[in-house]
Every structure is written in structure tokens, then in C-alpha cells.
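Structure first, then comments.
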Amino acid sequence: MTEPTPPERPVVHVVLTRWKPDAPADALESMRARTRRFPVTVPGVLGVVEGPSSSPEGLEAGYTWALVVTFRDARARDAYLTHPAHLPVAEVIGEFAERLVVFDLDG
């Protein structure tokens, strides 16, 4: 008897950055606007949250901005990595992030 295939689980993609001091505000805002459109521009994106920390704890360890993208499953996350809507965002982050952490969690 064959075991059933487990259902695909959501993947939560977390990006933390500390921007370089000379990162242009207009480039960052344009990039942020692109990220907020991911649910309509990238198949399999269930939701996006982005912005600076609002935590009163002050434990950000120097990171100043976060992007959290929830994907339907790992295949959607993998396709996103080369999707034309994601590439300009990755380019801005790569150019202007002084520090960067990317962490994915299976839901």
C-alpha cells in the first residue's frame, strides 16, 4: 500500500536588513511598493508584511527593516526566486543592505 503524499505546507520567507547609510530613500520606497504588490504579481504568494520594527523590546540587533512573504508551498517560494517581480527587489536589497539575513520556515 502506498502512503499518501503529505499536503504541501506554507513557507514563510523572512528577510531582515540593515540599510547602508547612503541607501537612497526613493530607491528603498520604490522597492517596498513592489514587495507589497507580490500577492497580485507573483503566483503562490499568500501575503506580504514589510517595514521597520515596531517592537518595544529593542532587540533588533541593528536590523532596520523586515520583509515577510508567505507562500502557498515550497514550489511557489522556489519559483519566486527567479520571478521578474522579485528580481528588482532582490537587486535593491543586494545593493543597499549593509547586513542581511534570509530565513525560511515551513508552516
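These numbers come from a predicted model, not from an experiment. We're numbering straight along the sequence, starting at 1.
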Joint cluster assignment, V15 & L87, ILVMFWY side-chain distance < 4.5 Å
no
Does the distance from a Lys or Arg side-chain N to an Asp or Glu carboxylate O, for R36 and E29, drop under 4.0 Å?
yes
Indicate the ring-plane relationship of Y80 and H86, choosing parallel, tilted or perpendicular according to the 30° and 60° boundaries.
tilted
Between A76 and P43, what is the shortest heavy-atom contact and its length?
CB-O, 4.1 Å
Mind listing the closest non-hydrogen atom pair of A74 and E8 along with its distance?
N-OE1, 4.3 Å
Common cluster, M31/V102, ILVMFWY with side-chain heavy-atom separation under 4.5 Å:
yes
L28 vs W65, test: side chain to side chain contact (heavy atoms under 4.5 Å, CB included). Steps then yes/no.
CA-CA 10 Å; L28 297 182; W65 180 77; over 6 Å; no
Can L81 be reached from V14 by stepping across I, L, V, M, F, W or Y side chains whose heavy atoms are under 4.5 Å apart?
no
Say you draw a straight line from CZ of F103 to CG of L16; how long is it, rounded to the nearest 0.5 Å?
10.0 Å
Within a strict 4.5 Å, meaning less than it, do heavy atoms of the I93 and W19 side chains meet?
yes
Minimal non-hydrogen separation, Y63 against R99, with atom names:
OH-NH2, 3.0 Å
Okay, side chain of T35, backbone of R32: is any donor-acceptor separation there less than 3.5 Å?
yes
Restricting to non-hydrogen atoms, name the atom on T41 and the atom on A85 that form the minimum distance, rounded to 0.1 Å.
OG1-CB, 3.7 Å
Supply the atom-to-atom distance H13 NE2 to D104 CG, rounded to the nearest 0.5 angstrom.
5.5 Å
Does any part of the side chain of E98, heavy atoms only, come nearer than 4.5 Å to the side chain of P21, both counted from C-beta?
yes
Does the distance from a Lys or Arg side-chain N to an Asp or Glu carboxylate O, for D22 and K20, drop under 4.0 Å?
no
Measuring from atom CZ of R34 to atom CD of E50, what distance do you get when rounded to the nearest 0.5 angstrom?
13.5 Å
Indicate whether any N or O donor in one side chain lies under 3.5 Å from an N or O acceptor in the other, for S53 and E60.
yes
If Ile, Leu, Val, Met, Phe, Trp and Tyr residues are connected whenever their side-chain heavy atoms lie under 4.5 Å apart, and connections chain through other members, are L46 and V89 in the same group?
no
Output for pair (R9 CZ, F71 CZ), nearest 0.5 Å, gives 16.0 Å
Should V42 and V48 be regarded as members of a common hydrophobic cluster, given that ILVMFWY residues are connected when their side-chain heavy atoms come within less than 4.5 Å of each other, either directly or indirectly?
yes
